[in-house]
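Structure, as structure tokens:
Chain A is the first sequence line, chain B the second, and so forth, proteins listed ahead of strands; every chain is numbered from 1.
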There are 2 protein chains.
Amino acid sequence: MVARCQVDYAGRLTAHLPMATRVLMIKADGSVLVHSDGGSYKPLNWMSPPCVLREGTTDDGVALWTVTSKAEDTLQILIEEVLSDTSHELGIDPGLQKDGVEKHLQELLAEHPATLAEGLTLVRREFPTAIGPVDLMCRDATGASVAVEIKRRGEIDGVLQLERYLELLNRDPLLTAKGPVRGIFAAQEIKPQARVLAEDKGLTCALVDYDALRGLDDPTERLF
Amino acid sequence: MVARCQVDYAGRLTAHLPMATRVLMIKADGSVLVHSDGGSYKPLNWMSPPCVLREGTTDDGVALWTVTSKAEDTLQILIEEVLSDTSHELGIDPGLQKDGVEKHLQELLAEHPATLAEGLTLVRREFPTAIGPVDLMCRDATGASVAVEIKRRGEIDGVLQLERYLELLNRDPLLTAKGPVRGIFAAQEIKPQARVLAEDKGLTCALVDYDALRGLDDPTERLF
DNA sequence: CAATTAATGTCGCGC
DNA sequence: GCGCGACGTTAATTG
């Protein structure tokens with residue numbers, strides 16, 4: 001639907017959109033999106049499901065939609081003029097298939113830990129600690145423990161995360177029996193700042209070649 | 001536009017949407033959104049501006065849109081059947097007016113610092129340091145300095161931020177004259193991990209009741 | 001259901 | 001333009 005409208009939201013914050021021409025999308029579950037003709041995929045304003053849309057009119061006879069959620073969130077849309085209004089039955093969507101996210105990277109590296117450092121072998125994925133799981137826990141050729149943090153894009157956050165894990169892990173005498181736990185920061189892309197910080201902290205950085213790893217895994221793509 | 005379509009994205013990851021009926025929105029800047037009839041405001045697939053949309057046809061004569069961005073990102077939309085197609089000139093949007101929450105929380109706590117810890121008095125808001133301003137700088141009943149970091153939702157990031165401030169502040173002999181600077185981590189909600197980390201670092205956690213604070217501030221809501 | 005983390009995050013500010 | 005932090009983050013996964 002395309003309409004001249006004014007929108008007011010009150011909930012976790014309050015927001016106001018002056019009267020202007022915008023696109024209104026009402027989905028099957030009652031959720032509402034208010035889009036302008038630019039910006040990115042995020043609507044100017046919206047109401048997430050579950051919610052209820054009630055159509056009414058003001059005292060002036062202008063259409064007023066009120067969308068309310070289970071919480072106290074309310075979205076009020078004053079509709080001055082409707083330029084277009086179409087409705088369609090879409091049915092359920094078969095859903096999105098994704099490939100190439102961090103989980104895939106972790107699976108591939110778990111199968112080929114030696115690509116990170118020579119002689120590295122996997123102990124387990126998602127190794128638990130008090131502050132969350134370490135992506136990969138490995139052992140090197142000397143038997144010393146090595147914690148691996150995997151990111152699609154390596155930034156400062158990831159380095160700090162690995163550092164916190166190492167601080168905890170190095171308190172565990174079982175893990176440090178063969179020397180202190182080392183850290184490897186593995187990512188498809190490592191930002192310069194993150195690399196500097198990691199190396200300053202004594203961590204090893206490893207650039208991961210996703211396509212090459214996938215090749216190792218898939219015999220049809222193996223070259224020799 | 002409503003159409004039966006199949007969508008493939010290749011860029012930072014690869015994603016595939018099987019043939020189904022969906023809503024396609026093409027904005028003035030060439031950006032494209034692919035929405036299903038449910039979920040929240042995030043499209044199933046999209047291309048952000050700046051990007052270019054080219055309309056073509058496959059060898060079978062089926063419409064094929066190709067959207068490319070400056071990077072190597074490409075979105076391919078195979079359109080089997082068009083159920084609806086409308087186009088409108090929207091003009092530029094006057095934009096959204098927001099009224100945030102965290103700032104308001106800081107104002108309220110600045111007026112009622114004693115709700116954080118008994119005997120606490122405000123020195124100043126946005127107390128400047130070399131790495132950024134501390135939300136609230138206070139003094140306790142003994143005259144010792146207390147730094148307060150305020151978050152709507154307290155997570156690990158906020159604890160680290162407060163810790164960095166304290167490290168700097170404790171180098172200042174003027175502030176540490178009456179003992180080391182303490183830290184209070186104040187939030188409407190504090191995640192377990194953040195609480196553990198904060199207490200491990202010797203920081204105090206304070207849960208803030210936004211409504212109660214607002215009540216203190218507003219005589220019309222005061223009960224006695 | 002709560003908690004934790006990734007995201008094609010997006011958005012906005014400050015340097 | 002980059003870096004950093006907030007977001008009505010949203011979305012997915014796991015205990």
Donor-acceptor pairs under 3.5 angstrom involving side-chain atoms of residues 1-10 of chain B: please list them, not counting sequence neighbours.
residue, atom, partner, partner atom, Å
B:R4, NE, B:E80, OE1, 2.8
B:D8, OD1, B:H16, ND1, 2.7
B:Y9, OH, B:R12, N, 3.3
B:Y9, OH, B:D73, OD2, 2.8

Name every donor-acceptor pair, under 3.5 Å, that has one atom in a side chain of residues 46-55 of chain B and the other anywhere in the protein, sequence neighbours excluded.
residue, atom, partner, partner atom, Å
B:W46, NE1, B:S48, OG, 3.3

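When all heavy atoms of A:A110 and A:P113 are compared, the pair lying nearest together is O-CD, 3.5 Å.
For A:I190 and D:dG3, the CD1 to P distance is 15 Å, given to the nearest whole Å. Put simply, CZ on A:R124 is 12 Å from C1' on D:dT14, counting in whole angstrom units. Atom CG in B:L105 sits roughly 11 Å away from atom P in D:dC7 (whole-Å rounding). Distance CD (A:E189) to P (D:dC2): 12 Å, rounded to an integer number of Å. For A:D29 and D:dA11, the CG to P distance is 11 Å, given to the nearest whole Å.
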Collect all protein-nucleotide pairs involving nucleotides 5-9 of chain C in which both atoms are nitrogen or oxygen and the distance is under 3.5 Å.
residue, atom, partner, partner atom, Å
C:dT5, OP2, B:Q193, OE1, 3.2
C:dA6, OP1, A:K151, NZ, 2.9
C:dA7, OP1, A:E102, N, 3.1
C:dT8, OP1, A:K98, NZ, 3.3
C:dT8, OP2, A:K98, NZ, 3.2
C:dT8, O3', B:R12, NH1, 3.4
C:dT8, N3, B:W46, O, 3.4
C:dT8, O4, B:N45, OD1, 2.1
C:dT8, O4, B:W46, N, 3.2
C:dG9, OP1, A:R153, NH1, 2.8
C:dG9, OP1, B:R12, NH1, 2.6
C:dG9, OP2, A:R152, NH2, 2.1

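Comparing A:D157 and B:S40 by the nucleotide of DNA chain D that holds the closest heavy atom to each, the one mapping nearer the 5' end is A:D157.
C:dT5 and D:dC7 are spaced 16 Å apart, taking the C1' atom of each and rounding to whole Å. Only the C1' atoms considered, C:dA7 is 14 Å distant from C:dC11, to the nearest whole Å. Separation of the C1' atoms belonging to C:dA6 and C:dT10 is 14 Å when rounded to the nearest angstrom.
Identified under the side chain to side chain donor-acceptor pair (under 3.5 Å) test for residues 27-41 of chain A, with sequence neighbours left out: A:K27-B:H35, A:D29-A:S31, A:H35-B:K27. Annotation: salt bridge (charged side-chain N to carboxylate O under 4.0 Å, His left out) contacts involving residues 197-210 of chain A, sequence neighbours excluded, comprise A:E163-A:K201, A:R195-A:E199. Evaluation of the salt bridge (charged side-chain N to carboxylate O under 4.0 Å, His left out) test over residues 97-111 of chain A, restricted to residues two or more places apart or in two chains, returns A:D99-A:R214.
Among the heavy atoms of the strands lying under 4.0 Å from B:R164 are primed sugar atoms or P, OP1, OP2 only; no base atom is included.
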